[in-house]
Amino acid sequence: MSALTNKVLETDSSSLEPVVPLQFAALDLGSNSFHLAVAEFDGHTLRVISRLKEKVQLAAGLDKDGLLSAEAIERGLNCLKLFSDRIQDIAPEYVAIVGTYTLRKAQNAADFIKQAESILNHPIDILPGREEARLIYDGVSHNHPDLKRALVIDIGGGSTEVILGENFTSEILDSLEVGCVTTKKCFPNNQITEENFNKAIINASIAISEVKKFYRSESWDHCLGSSGSIESIYNVLESLGLTQGVITLEHLKFLKQKLIEIGDFEKVDFSVLTESRKSTFACGVAILYAIFETLGIDKMHVANASLREGLLLELVEELKGNDIRHQTAQSLMNRFNVDQEHAKQVQQSAQCIFDQVADFWGVYDPIYKNYLDWACQLHEIGLSISFSKLRMHSAYIVRYGDMPGFSQQTKDSLAAIIANQKKKLHIDELDNKYDPKEALLSVVQILRLAIIFNVKRDSHNIQDLEFIAGDNHQLLIRIPKSWADEQQLIIAELQRESAYWDYHKIQLAIEIDHSQ
């Protein structure tokens, strides 16, 4: 039984009353709407107890230059002021807040995120597209445990996620740049004509065609739609008495014709549609129509879970000690044939240095220790490309590769650390990251030294060395003479490293202790 389960199930020996179940919250800052789900975990089951949703249409405020308008930012912040009350009493470690397509694309996303984090008093992670897809599949598969091989579709405001998986494991993931809000451009003046509708279908079909070979109908047994857009289509069909538990292409053809007859977004008035869905309903139908046609889907069931449920499940797993990011790092090491014994030696050296300098340099927060561990493990994955420019290859893979569990901000920070692993220091690469530049620089310094101490790729320890941190990232390394005499190559490398630091007016001093 996990420690988390024990914590929840504990009872006071003097009382028969059980401890109140833990509450978790997942907030999804989507391109169309912001969604909040709150759940309770009783040690066995995760149960959603409340949901909040507000139409924000963040994607509608994204201009041709990729900038969010002041009005869109204000709409989002006003919504979060409402949501903040609901999560303020939930422990910070039990809250996950993520941004999706629009915040991935917005050049000024940081302006919104800084203000949003101040309102919510929680960090916000921007999910890479495929990470969003993975979490969606997690939520769907755990709420449909009888699934075997399944295709899962989620149509959002700015992107559409397509996932193929089996049981609880996602295998192929794609995030396509087509969504309900962004598709409104195909309907000038909100007019639903046959020409405009066909334009929207073609627009979506082009995006889907790029990946259709991975999702042919013969490669899966079940198809599920997990988004609010798909659920609203099903609800309309059900209200019209047209469906018996599934959506088909014939249903979508009927809705297409019905919407063309209505002719205007503002006149869409199906009784079961919420106000927030009316203005994007036709777009959702057009995208789903394109998906059915392009992928050869005959029928789709509606899932009762999505991104929020995936986030909640991940929170519980992390609290059980199963942080998927550590599994991801190990998987990448295996995939790129990293010398794991060497990586372990570098990590051990880094741990020794970290223990002595972390408090003074202010990097004792667990995230910086995680950054250091992951950097030690992954700094050589670029060898699979070439030894030349190793650090840049490794950084590129981290920044742009699929890394389940990692937010885009975390990947950007980790990539910047790895890009600075040796030779000339490019401190400017640490600018404009989610994490403070000073903290990232400290991690870089520790990583560089750990790599130097293992330059010969042989096993030795540095337990007898002293690392004395100073202000402004200065460091004194006190080395016993007997150790220095045996490791002349490392001493030479440390002296060369001192010159790299000195270029940025950071002192790295090496003191040989003749008394030892």
Side-chain angles (χ1 to χ4, degrees), residues 26 28-35 58-59 62 66 96-107 109 124-141 150-165 169-183 185 200 203-215 219-220 223-230 280 283-284 286-288 290-292 294-295 297 300 303 305-311 314 324 328 397-412:
D28 163 19
L29 310 182
S31 298
N32 187 37
S33 302
F34 287 1
H35 297 262
L58 211 58
L62 202 60
I97 306 174
V98 300
T100 55
Y101 174 83
T102 299
L103 292 177
R104 283 197 292 273
K105 293 298 178 182
Q107 297 297 312
I124 297 171
D125 289 329
I126 299 177
L127 296 180
R130 291 185 177 179
E131 175 65 2
E132 180 182 355
R134 182 188 69 82
L135 288 166
I136 288 168
Y137 186 85
D138 278 357
V140 170
S141 62
L151 174 69
V152 175
I153 307 290
D154 187 292
I155 301 173
S159 64
T160 292
E161 279 63 50
V162 186
I163 314 106
L164 181 66
T169 304
S170 53
E171 296 177 358
I172 305 174
L173 309 105
D174 280 289
S175 182
L176 311 177
E177 293 193 9
V178 58
C180 288
V181 178
T182 53
T183 298
K185 66 187 178 184
N203 179 65
S205 296
I206 291 170
I208 300 159
S209 294
E210 295 178 4
V211 300
K212 71 176 183 179
K213 66 180 180 181
F214 302 114
Y215 303 101
S219 64
W220 43 265
C223 178
L224 292 97
S226 69
S227 62
S229 297
I230 295 173
T280 57
C283 300
I287 295 169
L288 193 58
I291 291 170
F292 265 70
T294 308
L295 299 184
I297 299 170
M300 172 184 283
S306 190
L307 175 60
R308 275 79 64 194
E309 286 73 19
L311 287 168
E314 192 118 301
I324 192 173
T328 294
I397 292 171
V398 167
R399 181 172 284 115
Y400 297 108
D402 289 336
M403 296 182 64
F406 284 81
S407 69
Q408 190 60 57
Q409 300 107 303
T410 301
K411 290 173 64 177
D412 287 345

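- There is a side-chain donor-acceptor pair under 3.5 Å between Ser159 and Glu161.
- Looking at every heavy atom in both residues, Ala204 comes nearest to Ile287 through CB-CA, 4.1 Å.
- Counting only heavy atoms from C-beta outward, the side chains of Val140 and Ile163 never approach each other to under 4.5 Å.
- Closest approach of Tyr215 to Leu151, counting heavy atoms only: CD2-CD1, 3.6 Å.
- Here the side chain of Arg130 pairs no donor or acceptor atom with the backbone of Ser175 at under 3.5 angstrom.
- The backbone N or O of Val181 lies less than 3.5 Å from no partner atom in the side chain of Thr280, so there is not a single donor-acceptor pair.
- Contact record, Ala59 with Thr182: CB-CG2, 4.4 Å, taken as the closest heavy-atom pair.
- Just one residue in the list Ser226, Ser229, Ser227 forms a side chain to side chain donor-acceptor pair (under 3.5 Å) with Asp154, and that residue is Ser226.
- One distance of note links CG of Leu62 with OG1 of Thr102; it measures 6.0 Å at 0.5 Å rounding.
- A donor-acceptor contact shorter than 3.5 Å links the side chain of Ser209 to the backbone of Ser205.
- Between Arg134 and Glu314, at least one side-chain N (NZ, or NE/NH1/NH2) sits under 4.0 Å from a carboxylate O, which counts as a salt bridge.
- Between the side chain of Glu131 and the main chain of Gly405, a donor-acceptor pair closer than 3.5 Å is present.
- One distance of note links OH of Tyr101 with CD of Glu132; it measures 11.5 Å at 0.5 Å rounding.
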